[in-house]
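Keep in mind that the numbers below use all heavy atoms, side chains included, and drop hydrogens, waters and symmetry copies. Note that the structure is a prediction, hence the values are computed from the model and not measured.
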Amino acid sequence: MKEADNFFEKVYQVARQIPFGKVTSYGAIAKYLGAARSARMVGWAMNNASSQREEIHAHRVVNRKGLLTGKHHFSGTNVMQQLLESEGISVIDHQIQDFEKVFWDPIKELPEIF
DNA sequence: ACCATGACGTTTC
DNA sequence: CGAAACGCCATGG
């Protein structure tokens, strides 16, 4: 374990930039960081997000299908869904409804963080 | 150094 | 159209 690498840090930054009521996918973030083939690494970064002092909106980050695959990484089981529903996002059976409507692409919305 | 795993994604059957 | 396999890359054993 090392301190947050630049890659991880970027992931966290993007995750924090996700606006209220919006979500994004690991692949989108990975691609934005230039590591489209390392989508899994993004998930890994999220796992390591617990090490981050700042709270990462991991619940706003889902896979490309809009499925809350990483929900069991949260404290409880329905915590992630509750958070998303609190933001006006409909979640049924760990699946985000109208995913394309609430989808927030960093590449399209953010030219570049730095 | 090699094998196994994982909060993913794309292609193929 | 749905399920399975493969690919990618980093971390752990």
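Closest non-hydrogen pair, Leu33(A) versus Lys10(A), comes out as CD2-CB, 3.3 Å.
Under a 3.5 Å cut-off, the side chain of Tyr12(A) and the backbone N or O of Ala45(A) do form a donor-acceptor pair.
Less than 4.0 Å separates DNA chain B from at least one heavy atom of each of the following residues of residues 16-30 of chain A: Ser25(A), Tyr26(A), Gly27(A). For DNA chain B, none of the residues of residues 79-97 of chain A falls under the heavy-atom distance limit of 4.0 Å.
Note on Val11(A) and Tyr32(A): same hydrophobic cluster, where clusters join Ile, Leu, Val, Met, Phe, Trp and Tyr whose side-chain heavy atoms are under 4.5 Å apart, directly or indirectly. Val23(A) and Leu68(A) fall within a single hydrophobic cluster, where Ile, Leu, Val, Met, Phe, Trp and Tyr side chains are chained together by heavy-atom contacts under 4.5 Å.
Within the 4.5 Å cutoff, no side-chain heavy atoms of Ser25(A) are placed close to those of Asn63(A). Under the 4.5 Å side-chain criterion, counting only non-hydrogen atoms from C-beta, Ile96(A) is in contact with Val102(A).
Computed from coordinates, the Leu67(A) CG to dG6(B) C1' distance equals 15 Å when rounded to whole Å. Taking atom CG on Leu68(A) and atom C1' on dC8(B), their separation rounds to 14 Å, with Å as the unit. If you take CZ of Phe103(A) and P of dC8(B), they are 15 Å apart, rounded to a whole angstrom. Distance, Asn48(A) CG to dT11(C) P: 9 Å, rounded to whole Å. If you take CE of Met46(A) and P of dC9(C), they are 20 Å apart, rounded to a whole angstrom. With rounding to whole Å, Arg37(A) atom CZ is found 15 Å from dT11(B) atom C1'. Rounded to an integer number of Å, the gap from CZ of Phe8(A) to P of dA7(B) is 14 Å. Here the P atom of nucleotide dG9(B) and the CE atom of Met41(A) are 12 Å apart, to the nearest Å.
Asn47(A) comes within 4.0 angstrom of a nucleotide base, judged by non-hydrogen atoms across all strands. Across all strands, Ala58(A) comes closer than 4.0 Å to base atoms (heavy-atom distances). Arg40(A) comes within 4.0 angstrom of a base, heavy atoms only.
Looking at Gln13(A) and Gln17(A), their side chains never bring a donor and an acceptor atom within 3.5 Å of each other. Under 3.5 Å, the side chains of His59(A) and Gln82(A) contain no donor-acceptor pair of N or O atoms.
Shown are His72(A), Arg60(A), Glu85(A), Lys71(A); of these, the side chain to side chain contact (heavy atoms under 4.5 Å, CB included) with Met80(A) is made only by Lys71(A).
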